[in-house]
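Presented below is the structure to which this report refers.
Numbering starts at 1 and runs along the sequence shown. Only heavy atoms go into these numbers, but all of them, side chains included; no hydrogens, no water, no symmetry mates. Everything numeric here is computed off the predicted structure, so don't read it as measured data. Counting starts at 1 for both ligands and their atoms, following the listed order.
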Amino acid sequence: STRASIRPVNVSRTFSTTVPAFQAHTTKLYINGEFVESSTKKWIDVRNPATQEVVTRVPEATPEELRAATSSAQEAFKEWRKSSVLTRQRIMMELQYLIRKHTDRIAKSIVYEQGKTLTDARGDVFRGLQVVEHACSIPTLMMGEKLTVAKDMDTYNIREPLGVVAGICPFNFPAMIPLWMFPMAIATGNTCIIKPSEKDPGATMILAELAAEAGVPKGVLNVVHGAVDTVNYICDEPAIQAISFVGSDQAGRHIYERGSRNGKRVQANMGAKNHGVILPDANKQHTLNQLAGAAFGAAGQRCMALSTAIFVGEAQHWLPELVERAKELKVTCGMEPGADLGPLISPQAKQRAERLIQSGVDQGAKLLLDGRGIVVPGYEKGNFVGPTVLAEVKPHMECYKEEIFAPVLVSLNAETLDDAIEIINGNPYGNGTAIFTTSGAAARRFESEIDVGQVGINVPIPVPLPMFSFTGTRGSILGDLNFYGKTGILFYTKFKTVTALWRSEDVDHAKSSVNMPT
Ligand code: NAD
(Lines give C-alpha, C1' and ligand atoms only; values in the text may rest on other atoms or scores of the structure.)
Protein backbone atom coordinates (compact mmCIF):
# COMPACT_ATOMS: atom_id res chain seq x y z
CA SER A 1 0.00 0.00 0.00
CA THR A 2 2.88 2.37 0.67
CA ARG A 3 4.27 1.56 -2.75
CA ALA A 4 1.05 2.59 -4.47
CA SER A 5 1.72 6.21 -3.65
CA ILE A 6 4.99 6.18 -5.59
CA ARG A 7 4.67 7.34 -9.18
CA PRO A 8 6.98 5.82 -11.85
CA VAL A 9 8.61 8.47 -14.05
CA ASN A 10 10.79 8.64 -17.12
CA VAL A 11 14.35 7.74 -16.15
CA SER A 12 16.25 9.09 -19.10
CA ARG A 13 18.91 11.72 -18.25
CA THR A 14 21.23 13.17 -20.81
CA PHE A 15 24.60 14.69 -20.10
CA SER A 16 26.02 17.43 -22.23
CA THR A 17 29.70 18.25 -22.42
CA THR A 18 28.99 21.97 -22.52
CA VAL A 19 25.82 22.94 -20.68
CA PRO A 20 24.25 20.61 -18.13
CA ALA A 21 21.07 19.80 -20.02
CA PHE A 22 19.70 17.98 -16.98
CA GLN A 23 19.59 21.11 -14.83
CA ALA A 24 15.88 21.16 -14.21
CA HIS A 25 15.59 17.49 -13.38
CA THR A 26 14.79 16.09 -10.01
CA THR A 27 16.70 13.04 -8.82
CA LYS A 28 14.47 9.99 -8.53
CA LEU A 29 14.26 7.30 -5.92
CA TYR A 30 14.91 3.78 -7.20
CA ILE A 31 12.52 1.42 -5.47
CA ASN A 32 11.49 -2.08 -6.48
CA GLY A 33 13.00 -1.69 -9.95
CA GLU A 34 11.32 1.63 -10.73
CA PHE A 35 12.63 5.18 -10.84
CA VAL A 36 10.05 7.19 -8.95
CA GLU A 37 9.50 10.82 -8.10
CA SER A 38 9.46 11.43 -4.36
CA SER A 39 6.36 12.92 -2.84
CA THR A 40 8.47 14.75 -0.26
CA LYS A 41 8.22 18.45 0.45
CA LYS A 42 11.91 18.63 1.38
CA TRP A 43 14.31 19.04 -1.54
CA ILE A 44 18.05 19.68 -1.53
CA ASP A 45 19.66 21.62 -4.40
CA VAL A 46 22.73 20.08 -6.01
CA ARG A 47 24.86 22.89 -7.42
CA ASN A 48 27.64 22.64 -9.96
CA PRO A 49 30.63 23.62 -7.76
CA ALA A 50 32.26 25.45 -10.68
CA THR A 51 29.26 27.68 -11.44
CA GLN A 52 26.67 27.41 -8.60
CA GLU A 53 24.02 26.46 -11.19
CA VAL A 54 21.44 24.02 -9.86
CA VAL A 55 22.12 20.70 -11.57
CA THR A 56 19.36 18.68 -9.93
CA ARG A 57 17.24 18.59 -6.81
CA VAL A 58 17.47 15.68 -4.41
CA PRO A 59 14.50 14.57 -2.32
CA GLU A 60 14.64 13.80 1.37
CA ALA A 61 12.72 10.54 1.06
CA THR A 62 9.58 10.29 3.17
CA PRO A 63 9.25 7.60 5.87
CA GLU A 64 6.76 5.77 3.59
CA GLU A 65 9.25 5.77 0.72
CA LEU A 66 12.03 4.49 2.98
CA ARG A 67 9.78 1.71 4.20
CA ALA A 68 8.79 0.89 0.61
CA ALA A 69 12.48 0.56 -0.34
CA THR A 70 13.04 -1.72 2.64
CA SER A 71 10.05 -3.94 1.99
CA SER A 72 11.00 -4.24 -1.66
CA ALA A 73 14.49 -5.37 -0.58
CA GLN A 74 13.00 -7.80 1.97
CA GLU A 75 10.67 -9.29 -0.63
CA ALA A 76 13.42 -9.59 -3.24
CA PHE A 77 15.72 -11.31 -0.73
CA LYS A 78 13.41 -14.33 -0.57
CA GLU A 79 14.33 -15.31 -4.14
CA TRP A 80 17.72 -13.64 -4.50
CA ARG A 81 19.22 -15.59 -1.60
CA LYS A 82 18.36 -18.77 -3.53
CA SER A 83 19.83 -17.54 -6.81
CA SER A 84 22.74 -19.52 -8.15
CA VAL A 85 26.14 -18.00 -7.49
CA LEU A 86 26.81 -18.49 -11.21
CA THR A 87 23.81 -16.32 -12.05
CA ARG A 88 25.15 -13.61 -9.77
CA GLN A 89 28.58 -13.95 -11.37
CA ARG A 90 27.09 -13.54 -14.85
CA ILE A 91 25.20 -10.41 -13.79
CA MET A 92 28.44 -8.92 -12.41
CA MET A 93 30.13 -9.64 -15.74
CA GLU A 94 27.35 -7.85 -17.57
CA LEU A 95 27.52 -4.93 -15.13
CA GLN A 96 31.27 -4.75 -15.68
CA TYR A 97 30.72 -4.42 -19.43
CA LEU A 98 28.01 -1.78 -19.03
CA ILE A 99 30.05 0.38 -16.63
CA ARG A 100 32.94 0.36 -19.09
CA LYS A 101 30.58 1.27 -21.91
CA HIS A 102 29.04 4.14 -19.93
CA THR A 103 32.17 5.38 -18.16
CA ASP A 104 32.07 8.80 -19.77
CA ARG A 105 28.41 9.33 -19.01
CA ILE A 106 29.02 8.56 -15.33
CA ALA A 107 32.20 10.64 -15.29
CA LYS A 108 30.45 13.69 -16.76
CA SER A 109 27.70 13.50 -14.18
CA ILE A 110 30.45 13.48 -11.53
CA VAL A 111 32.11 16.57 -13.00
CA TYR A 112 28.86 18.55 -13.00
CA GLU A 113 27.76 17.53 -9.52
CA GLN A 114 31.06 17.02 -7.68
CA GLY A 115 33.50 19.22 -9.63
CA LYS A 116 36.53 16.98 -10.14
CA THR A 117 38.23 16.95 -13.54
CA LEU A 118 36.87 14.67 -16.25
CA THR A 119 40.05 12.57 -16.31
CA ASP A 120 39.97 12.18 -12.55
CA ALA A 121 36.26 11.34 -12.68
CA ARG A 122 37.01 8.55 -15.16
CA GLY A 123 39.50 7.25 -12.56
CA ASP A 124 36.73 7.39 -9.92
CA VAL A 125 34.59 5.13 -12.14
CA PHE A 126 37.54 2.88 -12.98
CA ARG A 127 38.49 2.20 -9.35
CA GLY A 128 34.88 1.20 -8.70
CA LEU A 129 34.80 -0.92 -11.84
CA GLN A 130 37.70 -2.92 -10.42
CA VAL A 131 35.51 -3.95 -7.49
CA VAL A 132 32.87 -5.20 -9.93
CA GLU A 133 35.61 -7.13 -11.71
CA HIS A 134 36.58 -8.66 -8.38
CA ALA A 135 32.94 -9.54 -7.71
CA CYS A 136 33.01 -11.55 -10.96
CA SER A 137 35.06 -14.11 -8.97
CA ILE A 138 32.20 -14.57 -6.53
CA PRO A 139 31.91 -18.38 -6.90
CA THR A 140 35.48 -18.80 -5.67
CA LEU A 141 35.15 -16.05 -3.06
CA MET A 142 32.04 -17.70 -1.58
CA MET A 143 33.63 -21.11 -1.14
CA GLY A 144 33.60 -22.51 2.38
CA GLU A 145 35.62 -25.21 4.13
CA LYS A 146 34.98 -28.90 4.68
CA LEU A 147 36.65 -31.50 6.86
CA THR A 148 35.87 -35.11 7.71
CA VAL A 149 36.05 -34.92 11.51
CA ALA A 150 35.14 -38.51 12.49
CA LYS A 151 34.07 -41.74 10.86
CA ASP A 152 31.16 -40.92 8.51
CA MET A 153 31.00 -37.41 9.93
CA ASP A 154 31.71 -34.21 7.97
CA THR A 155 31.79 -30.62 9.14
CA TYR A 156 31.50 -27.87 6.57
CA ASN A 157 30.67 -24.22 6.58
CA ILE A 158 28.53 -22.31 4.15
CA ARG A 159 28.62 -18.57 3.67
CA GLU A 160 25.13 -17.17 3.72
CA PRO A 161 23.98 -13.63 2.95
CA LEU A 162 22.76 -11.44 5.82
CA GLY A 163 19.53 -10.18 4.23
CA VAL A 164 18.88 -6.49 3.55
CA VAL A 165 22.02 -4.37 3.87
CA ALA A 166 22.53 -0.64 3.39
CA GLY A 167 25.30 1.67 2.17
CA ILE A 168 25.72 5.35 3.10
CA CYS A 169 28.12 7.25 0.84
CA PRO A 170 30.24 10.44 0.94
CA PHE A 171 30.45 13.08 -1.78
CA ASN A 172 34.07 12.68 -2.83
CA PHE A 173 33.93 9.46 -4.87
CA PRO A 174 30.39 9.37 -6.25
CA ALA A 175 31.03 6.22 -8.35
CA MET A 176 33.82 4.35 -6.60
CA ILE A 177 32.31 4.23 -3.14
CA PRO A 178 28.81 2.99 -4.06
CA LEU A 179 30.74 0.43 -6.13
CA TRP A 180 32.72 -0.61 -3.03
CA MET A 181 29.35 -1.47 -1.55
CA PHE A 182 26.50 -2.76 -3.68
CA PRO A 183 28.34 -5.14 -6.08
CA MET A 184 29.89 -7.09 -3.17
CA ALA A 185 26.63 -6.92 -1.23
CA ILE A 186 24.45 -8.35 -3.98
CA ALA A 187 27.02 -10.76 -5.40
CA THR A 188 27.10 -12.40 -1.95
CA GLY A 189 23.30 -12.79 -2.13
CA ASN A 190 22.08 -9.82 -0.09
CA THR A 191 19.65 -7.20 -1.22
CA CYS A 192 20.78 -3.62 -0.84
CA ILE A 193 19.69 -0.06 -0.20
CA ILE A 194 22.17 2.66 -1.17
CA LYS A 195 22.00 6.23 0.07
CA PRO A 196 24.34 8.29 -2.09
CA SER A 197 25.63 11.61 -0.87
CA GLU A 198 22.91 14.21 -1.19
CA LYS A 199 25.58 16.41 -2.78
CA ASP A 200 26.14 14.25 -5.87
CA PRO A 201 23.71 11.35 -6.34
CA GLY A 202 23.85 11.26 -10.17
CA ALA A 203 26.52 8.58 -10.55
CA THR A 204 24.62 6.19 -8.29
CA MET A 205 21.45 6.73 -10.33
CA ILE A 206 23.23 5.79 -13.55
CA LEU A 207 24.76 2.76 -11.84
CA ALA A 208 21.29 1.66 -10.69
CA GLU A 209 20.07 1.95 -14.27
CA LEU A 210 23.03 -0.14 -15.49
CA ALA A 211 22.50 -2.72 -12.74
CA ALA A 212 18.91 -3.19 -13.92
CA GLU A 213 20.11 -3.56 -17.50
CA ALA A 214 22.71 -6.09 -16.34
CA GLY A 215 19.92 -8.25 -14.92
CA VAL A 216 19.80 -7.29 -11.23
CA PRO A 217 16.17 -8.18 -10.40
CA LYS A 218 13.78 -5.57 -9.03
CA GLY A 219 14.14 -4.93 -5.32
CA VAL A 220 17.66 -6.37 -5.13
CA LEU A 221 19.15 -2.87 -5.41
CA ASN A 222 17.29 0.22 -4.21
CA VAL A 223 18.42 3.84 -3.98
CA VAL A 224 17.04 6.28 -1.41
CA HIS A 225 17.99 9.88 -0.80
CA GLY A 226 18.17 12.37 2.01
CA ALA A 227 20.41 13.42 4.84
CA VAL A 228 20.30 12.85 8.61
CA ASP A 229 16.69 11.56 8.78
CA THR A 230 17.33 8.99 6.04
CA VAL A 231 20.54 7.90 7.77
CA ASN A 232 18.76 7.55 11.11
CA TYR A 233 16.02 5.48 9.47
CA ILE A 234 18.72 3.13 8.13
CA CYS A 235 20.32 2.88 11.60
CA ASP A 236 16.99 2.10 13.27
CA GLU A 237 15.12 -0.07 10.73
CA PRO A 238 15.11 -3.62 12.16
CA ALA A 239 14.99 -5.27 8.72
CA ILE A 240 18.38 -3.79 7.79
CA GLN A 241 21.10 -6.18 8.96
CA ALA A 242 24.30 -4.29 8.14
CA ILE A 243 25.49 -0.80 7.25
CA SER A 244 28.51 0.17 5.18
CA PHE A 245 29.46 3.79 5.74
CA VAL A 246 32.15 6.00 4.25
CA GLY A 247 32.42 9.67 5.20
CA SER A 248 33.35 12.06 7.98
CA ASP A 249 34.21 11.22 11.58
CA GLN A 250 31.13 12.90 12.98
CA ALA A 251 28.66 10.96 10.83
CA GLY A 252 30.70 7.74 11.08
CA ARG A 253 30.75 7.68 14.87
CA HIS A 254 27.05 8.44 15.00
CA ILE A 255 26.15 5.69 12.50
CA TYR A 256 28.48 3.14 14.09
CA GLU A 257 27.06 3.76 17.56
CA ARG A 258 23.40 3.95 16.56
CA GLY A 259 23.58 1.04 14.12
CA SER A 260 25.55 -1.18 16.53
CA ARG A 261 23.18 -0.37 19.37
CA ASN A 262 20.41 -1.71 17.15
CA GLY A 263 22.33 -4.96 16.65
CA LYS A 264 23.57 -4.28 13.13
CA ARG A 265 26.96 -5.10 11.69
CA VAL A 266 28.57 -1.74 10.83
CA GLN A 267 31.74 -0.87 8.93
CA ALA A 268 32.63 2.83 8.96
CA ASN A 269 35.54 4.35 7.05
CA MET A 270 36.15 7.92 8.16
CA GLY A 271 38.59 10.82 8.02
CA ALA A 272 42.31 10.88 7.47
CA LYS A 273 45.52 12.85 7.67
CA ASN A 274 47.98 11.03 5.45
CA HIS A 275 51.69 11.73 5.83
CA GLY A 276 54.40 11.36 3.23
CA VAL A 277 57.92 10.98 4.58
CA ILE A 278 60.66 12.21 2.26
CA LEU A 279 64.16 10.96 2.99
CA PRO A 280 67.11 12.84 1.47
CA ASP A 281 68.15 9.72 -0.50
CA ALA A 282 64.82 9.61 -2.41
CA ASN A 283 64.64 10.01 -6.16
CA LYS A 284 63.96 13.74 -6.13
CA GLN A 285 62.05 14.23 -9.39
CA HIS A 286 59.87 11.15 -8.88
CA THR A 287 59.10 12.19 -5.31
CA LEU A 288 58.20 15.80 -6.12
CA ASN A 289 55.90 14.66 -8.94
CA GLN A 290 54.20 12.16 -6.68
CA LEU A 291 53.83 14.63 -3.83
CA ALA A 292 52.25 17.35 -5.99
CA GLY A 293 49.83 14.89 -7.59
CA ALA A 294 48.80 13.28 -4.31
CA ALA A 295 48.46 16.52 -2.33
CA PHE A 296 46.61 18.63 -4.91
CA GLY A 297 44.86 16.08 -7.19
CA ALA A 298 41.07 16.00 -6.88
CA ALA A 299 41.55 19.39 -5.15
CA GLY A 300 42.70 17.42 -2.09
CA GLN A 301 39.26 15.91 -1.62
CA ARG A 302 40.44 12.31 -1.31
CA CYS A 303 40.54 10.38 1.93
CA MET A 304 43.93 9.11 0.75
CA ALA A 305 45.23 12.53 -0.32
CA LEU A 306 48.82 12.92 0.82
CA SER A 307 48.07 16.15 2.64
CA THR A 308 51.03 16.21 5.04
CA ALA A 309 54.69 16.02 4.07
CA ILE A 310 57.50 15.33 6.52
CA PHE A 311 60.84 16.28 5.02
CA VAL A 312 63.68 14.53 6.79
CA GLY A 313 67.02 16.35 7.14
CA GLU A 314 68.36 17.88 3.94
CA ALA A 315 65.22 16.99 1.98
CA GLN A 316 63.58 20.15 3.35
CA HIS A 317 65.52 22.11 0.74
CA TRP A 318 63.33 20.54 -1.95
CA LEU A 319 60.29 22.54 -0.88
CA PRO A 320 60.81 25.50 -3.25
CA GLU A 321 60.84 23.09 -6.20
CA LEU A 322 57.64 21.50 -4.98
CA VAL A 323 56.08 24.96 -4.82
CA GLU A 324 57.15 25.59 -8.45
CA ARG A 325 55.43 22.36 -9.53
CA ALA A 326 52.30 23.28 -7.61
CA LYS A 327 52.18 26.67 -9.37
CA GLU A 328 52.09 24.92 -12.75
CA LEU A 329 48.83 23.09 -11.98
CA LYS A 330 45.81 24.43 -13.83
CA VAL A 331 42.82 25.25 -11.64
CA THR A 332 39.52 25.46 -13.51
CA CYS A 333 36.19 23.76 -14.17
CA GLY A 334 36.66 20.00 -14.45
CA MET A 335 35.24 19.97 -18.00
CA GLU A 336 37.92 22.35 -19.30
CA PRO A 337 40.73 20.70 -21.28
CA GLY A 338 43.95 20.51 -19.31
CA ALA A 339 42.28 21.07 -15.93
CA ASP A 340 44.36 19.68 -13.07
CA LEU A 341 42.19 20.77 -10.14
CA GLY A 342 38.50 21.53 -10.03
CA PRO A 343 36.60 23.44 -7.35
CA LEU A 344 35.78 22.30 -3.82
CA ILE A 345 32.37 20.78 -3.26
CA SER A 346 30.71 23.83 -1.65
CA PRO A 347 31.23 27.46 -0.63
CA GLN A 348 31.33 26.21 2.99
CA ALA A 349 34.16 23.78 2.18
CA LYS A 350 36.06 26.65 0.55
CA GLN A 351 35.53 28.96 3.54
CA ARG A 352 36.64 26.22 5.93
CA ALA A 353 39.82 25.54 3.93
CA GLU A 354 40.63 29.26 3.79
CA ARG A 355 40.06 29.59 7.52
CA LEU A 356 42.39 26.66 8.24
CA ILE A 357 45.08 28.15 5.98
CA GLN A 358 44.81 31.41 7.93
CA SER A 359 44.98 29.53 11.22
CA GLY A 360 48.30 28.06 10.06
CA VAL A 361 49.66 31.53 9.32
CA ASP A 362 48.39 32.83 12.67
CA GLN A 363 50.01 29.95 14.54
CA GLY A 364 53.42 30.55 12.95
CA ALA A 365 53.56 28.39 9.81
CA LYS A 366 55.16 29.83 6.64
CA LEU A 367 52.77 30.27 3.72
CA LEU A 368 54.96 29.40 0.70
CA LEU A 369 52.05 29.30 -1.75
CA ASP A 370 48.63 30.81 -1.16
CA GLY A 371 45.72 29.43 -3.20
CA ARG A 372 43.11 31.65 -1.56
CA GLY A 373 41.23 34.27 -3.50
CA ILE A 374 41.93 32.91 -6.96
CA VAL A 375 39.50 33.90 -9.70
CA VAL A 376 39.02 31.46 -12.56
CA PRO A 377 37.99 33.25 -15.78
CA GLY A 378 34.54 32.09 -16.90
CA TYR A 379 33.90 30.43 -13.52
CA GLU A 380 34.05 33.39 -11.18
CA LYS A 381 31.44 31.92 -8.83
CA GLY A 382 33.21 28.55 -8.44
CA ASN A 383 34.42 27.24 -5.08
CA PHE A 384 38.05 27.30 -6.17
CA VAL A 385 41.08 27.13 -3.92
CA GLY A 386 44.44 26.87 -5.64
CA PRO A 387 47.34 24.68 -4.50
CA THR A 388 48.58 25.94 -1.15
CA VAL A 389 51.75 25.05 0.75
CA LEU A 390 52.21 25.72 4.46
CA ALA A 391 55.73 25.02 5.70
CA GLU A 392 57.31 24.68 9.15
CA VAL A 393 54.04 23.37 10.51
CA LYS A 394 54.08 21.90 14.02
CA PRO A 395 51.83 19.11 15.34
CA HIS A 396 49.99 21.41 17.76
CA MET A 397 48.70 23.66 14.94
CA GLU A 398 45.07 23.44 13.89
CA CYS A 399 46.03 23.11 10.21
CA TYR A 400 47.90 19.93 11.16
CA LYS A 401 45.28 18.46 13.47
CA GLU A 402 42.28 18.99 11.16
CA GLU A 403 41.61 17.12 7.91
CA ILE A 404 41.48 20.14 5.57
CA PHE A 405 40.08 18.25 2.52
CA ALA A 406 41.34 20.88 0.08
CA PRO A 407 44.49 21.34 -2.06
CA VAL A 408 46.58 22.33 0.94
CA LEU A 409 49.88 20.63 1.70
CA VAL A 410 51.12 21.10 5.24
CA SER A 411 54.81 20.45 5.59
CA LEU A 412 56.79 19.52 8.69
CA ASN A 413 60.49 18.99 9.17
CA ALA A 414 62.08 16.10 11.06
CA GLU A 415 65.70 15.37 11.83
CA THR A 416 65.50 11.60 11.49
CA LEU A 417 63.24 8.87 10.17
CA ASP A 418 62.48 7.90 13.78
CA ASP A 419 61.25 11.42 14.49
CA ALA A 420 58.98 11.23 11.43
CA ILE A 421 57.59 7.86 12.54
CA GLU A 422 56.91 9.28 16.00
CA ILE A 423 54.91 12.19 14.54
CA ILE A 424 52.81 9.89 12.34
CA ASN A 425 52.12 7.36 15.08
CA GLY A 426 51.11 10.24 17.36
CA ASN A 427 48.44 11.37 14.90
CA PRO A 428 45.00 9.92 15.70
CA TYR A 429 44.28 8.86 12.11
CA GLY A 430 45.60 5.69 10.47
CA ASN A 431 44.33 5.67 6.91
CA GLY A 432 47.38 5.90 4.64
CA THR A 433 51.01 6.94 4.60
CA ALA A 434 53.95 6.82 2.22
CA ILE A 435 57.73 6.88 2.36
CA PHE A 436 59.99 8.07 -0.44
CA THR A 437 63.47 6.61 -0.32
CA THR A 438 65.99 4.52 -2.24
CA SER A 439 66.97 2.67 0.94
CA GLY A 440 65.33 -0.74 1.27
CA ALA A 441 66.39 -0.89 4.91
CA ALA A 442 64.71 2.44 5.73
CA ALA A 443 61.55 1.42 3.87
CA ARG A 444 61.51 -1.93 5.67
CA ARG A 445 61.81 -0.23 9.07
CA PHE A 446 59.11 2.29 8.21
CA GLU A 447 56.78 -0.47 7.06
CA SER A 448 57.17 -2.41 10.28
CA GLU A 449 57.13 0.49 12.78
CA ILE A 450 54.43 2.67 11.31
CA ASP A 451 50.94 2.26 12.83
CA VAL A 452 48.92 3.05 9.71
CA GLY A 453 46.75 0.66 7.73
CA GLN A 454 47.91 1.40 4.17
CA VAL A 455 51.56 2.04 3.46
CA GLY A 456 53.11 3.21 0.20
CA ILE A 457 56.78 2.76 -0.58
CA ASN A 458 57.54 5.28 -3.32
CA VAL A 459 53.77 5.09 -3.98
CA PRO A 460 51.91 8.17 -2.73
CA ILE A 461 48.31 6.92 -2.65
CA PRO A 462 48.49 3.23 -1.74
CA VAL A 463 44.80 2.32 -2.16
CA PRO A 464 44.84 -1.46 -2.43
CA LEU A 465 43.31 -3.16 -5.46
CA PRO A 466 40.14 -5.09 -4.67
CA MET A 467 41.76 -8.53 -4.31
CA PHE A 468 43.13 -6.94 -1.10
CA SER A 469 41.00 -4.82 1.23
CA PHE A 470 40.92 -1.11 2.08
CA THR A 471 42.60 -1.35 5.46
CA GLY A 472 42.76 2.01 7.21
CA THR A 473 43.22 1.73 10.98
CA ARG A 474 42.90 3.64 14.27
CA GLY A 475 40.85 6.87 14.02
CA SER A 476 40.08 6.28 10.34
CA ILE A 477 37.84 3.27 10.89
CA LEU A 478 35.22 1.77 13.16
CA GLY A 479 34.30 -1.88 12.83
CA ASP A 480 36.75 -4.66 12.11
CA LEU A 481 35.76 -5.90 8.66
CA ASN A 482 37.06 -3.86 5.76
CA PHE A 483 35.63 -2.97 2.40
CA TYR A 484 36.08 -5.44 -0.49
CA GLY A 485 38.70 -8.21 -0.72
CA LYS A 486 38.50 -11.17 1.66
CA THR A 487 37.17 -9.20 4.62
CA GLY A 488 34.53 -7.58 2.41
CA ILE A 489 33.11 -11.06 1.78
CA LEU A 490 33.16 -11.72 5.53
CA PHE A 491 31.30 -8.47 6.18
CA TYR A 492 28.41 -9.33 3.88
CA THR A 493 28.05 -13.00 4.86
CA LYS A 494 27.59 -15.12 7.93
CA PHE A 495 28.85 -18.64 8.38
CA LYS A 496 26.58 -21.60 8.89
CA THR A 497 28.54 -24.63 10.06
CA VAL A 498 27.00 -28.04 9.44
CA THR A 499 28.05 -31.26 11.13
CA ALA A 500 26.57 -34.22 9.24
CA LEU A 501 26.60 -37.92 10.07
CA TRP A 502 25.81 -40.44 7.34
CA ARG A 503 26.57 -43.91 8.77
CA SER A 504 27.99 -46.31 6.22
CA GLU A 505 27.06 -49.36 8.34
CA ASP A 506 24.60 -50.33 11.11
CA VAL A 507 25.62 -49.52 14.72
CA ASP A 508 24.25 -50.60 18.11
CA HIS A 509 21.20 -48.38 18.91
CA ALA A 510 20.37 -50.16 22.21
CA LYS A 511 21.23 -47.35 24.64
CA SER A 512 21.19 -43.55 24.50
CA SER A 513 24.43 -41.73 25.19
CA VAL A 514 24.04 -38.82 27.60
CA ASN A 515 27.66 -37.74 27.68
CA MET A 516 29.05 -34.79 25.74
CA PRO A 517 30.10 -36.25 22.37
CA THR A 518 33.88 -36.47 22.10
P1 NAD B 1 29.81 13.25 5.46
O2 NAD B 1 30.02 12.47 6.69
O3 NAD B 1 29.43 14.67 5.56
O4 NAD B 1 28.69 12.54 4.58
C5 NAD B 1 28.71 11.13 4.36
C6 NAD B 1 27.29 10.59 4.45
O7 NAD B 1 26.82 10.73 5.79
C8 NAD B 1 26.33 11.33 3.55
O9 NAD B 1 25.53 10.37 2.89
C10 NAD B 1 25.54 12.21 4.49
O11 NAD B 1 24.21 12.36 4.10
C12 NAD B 1 25.62 11.49 5.82
N13 NAD B 1 25.73 12.40 6.97
C14 NAD B 1 26.45 13.55 7.03
N15 NAD B 1 26.35 14.10 8.25
C16 NAD B 1 25.57 13.28 8.98
C17 NAD B 1 25.11 13.30 10.33
N18 NAD B 1 25.43 14.29 11.16
N19 NAD B 1 24.33 12.29 10.76
C20 NAD B 1 24.00 11.30 9.93
N21 NAD B 1 24.41 11.23 8.63
C22 NAD B 1 25.18 12.20 8.17
O23 NAD B 1 31.15 13.08 4.58
P24 NAD B 1 31.51 13.80 3.23
O25 NAD B 1 31.85 15.22 3.52
O26 NAD B 1 30.49 13.51 2.20
O27 NAD B 1 32.84 13.01 2.82
C28 NAD B 1 34.14 13.45 3.14
C29 NAD B 1 34.70 12.66 4.30
O30 NAD B 1 34.70 11.28 3.95
C31 NAD B 1 36.16 12.98 4.60
O32 NAD B 1 36.33 13.04 5.98
C33 NAD B 1 36.92 11.81 4.00
O34 NAD B 1 38.17 11.55 4.59
C35 NAD B 1 35.97 10.70 4.24
N36 NAD B 1 36.24 9.59 3.36
C37 NAD B 1 36.82 8.49 3.91
C38 NAD B 1 37.14 7.42 3.11
C39 NAD B 1 37.79 6.21 3.69
O40 NAD B 1 37.76 5.15 3.09
N41 NAD B 1 38.39 6.32 4.88
C42 NAD B 1 36.85 7.45 1.73
C43 NAD B 1 36.23 8.60 1.22
C44 NAD B 1 35.93 9.66 2.04
Using a 6.0 Å cut-off, check whether atom [atom1] of [X] has over 12 heavy atoms from anything other than its own residue.
{"X": "R474", "atom1": "CZ", "result": "yes"}
{"X": "E422", "atom1": "CD", "result": "no"}
{"X": "Q250", "atom1": "CD", "result": "no"}

Any F173 heavy atom less than 4.0 Å from ligand 1: no
Contact with ligand 1 for F245, non-hydrogen, under 4.0 angstrom: yes
If you measure every N/O of [X] against every N/O of ligand 1, is any gap under 3.5 Å?
{"X": "D249", "value": "no"}
{"X": "M270", "value": "yes"}
{"X": "E198", "value": "yes"}

What protein heavy atom is closest to [atom], reported as residue, atom name and distance in Å?
{"atom": "atom 20 (C) of ligand 1", "answer": "V231 CG1, 3.5 Å"}
{"atom": "atom 14 (C) of ligand 1", "answer": "A251 CB, 3.8 Å"}
{"atom": "atom 17 (C) of ligand 1", "answer": "V228 CG2, 3.7 Å"}
{"atom": "atom 32 (O) of ligand 1", "answer": "E403 OE1, 2.7 Å"}
{"atom": "atom 23 (O) of ligand 1", "answer": "S248 N, 3.3 Å"}
{"atom": "atom 6 (C) of ligand 1", "answer": "C169 O, 3.3 Å"}
{"atom": "atom 36 (N) of ligand 1", "answer": "C303 CB, 3.5 Å"}
{"atom": "atom 40 (O) of ligand 1", "answer": "N269 ND2, 3.1 Å"}

Ignoring hydrogens and geometry beyond distance, is a side-chain donor-acceptor pair present between [X] and [Y] at under 3.5 Å?
{"X": "T433", "Y": "N274", "value": "no"}
{"X": "T493", "Y": "T188", "value": "no"}
{"X": "N383", "Y": "Q52", "value": "yes"}

Whether Y484 and F470 hold their rings parallel, tilted or perpendicular, with breakpoints at 30° and 60°: perpendicular
Could you tell me, atom by atom, which parts of ligand 1 come under 4.0 Å of a heavy atom of [X]?
{"X": "G271", "answer": "32 (O), 34 (O)"}
{"X": "W180", "answer": "40 (O)"}
{"X": "N172", "answer": "43 (C), 44 (C)"}
{"X": "I177", "answer": "42 (C), 43 (C)"}
{"X": "I168", "answer": "6 (C), 7 (O), 9 (O)"}

Partners meeting salt bridge (charged side-chain N to carboxylate O under 4.0 Å, His left out) with K381 (sequence neighbours left out): none
Proximal candidate to atom 30 (O) of ligand 1 [heavy atom criterion; set S346, G247, S307]: G247
Identity of the nearest option to atom 33 (C) of ligand 1, non-hydrogen atoms only, from F470, F405, F483: F405
Please determine whether a side-chain nitrogen of the Lys or Arg among [X] and [Y] lies less than 4.0 Å from a carboxylate oxygen of the Asp or Glu.
{"X": "K28", "Y": "E37", "answer": "yes"}
{"X": "R355", "Y": "D362", "answer": "no"}
{"X": "D340", "Y": "K330", "answer": "no"}

Step-by-step salt bridge (charged side-chain N to carboxylate O under 4.0 Å, His left out) determination, E402 to R352: CA-CA 11 Å; E402 291 282 317; R352 180 174 174 275; 3.0 Å; yes
Proximity to ligand 1 by part of I345, non-hydrogen separation under 4.0 Å: neither
Test: K195 cationic atom under 6.0 Å from F245 six-membered ring centre, within 45° of axis: no
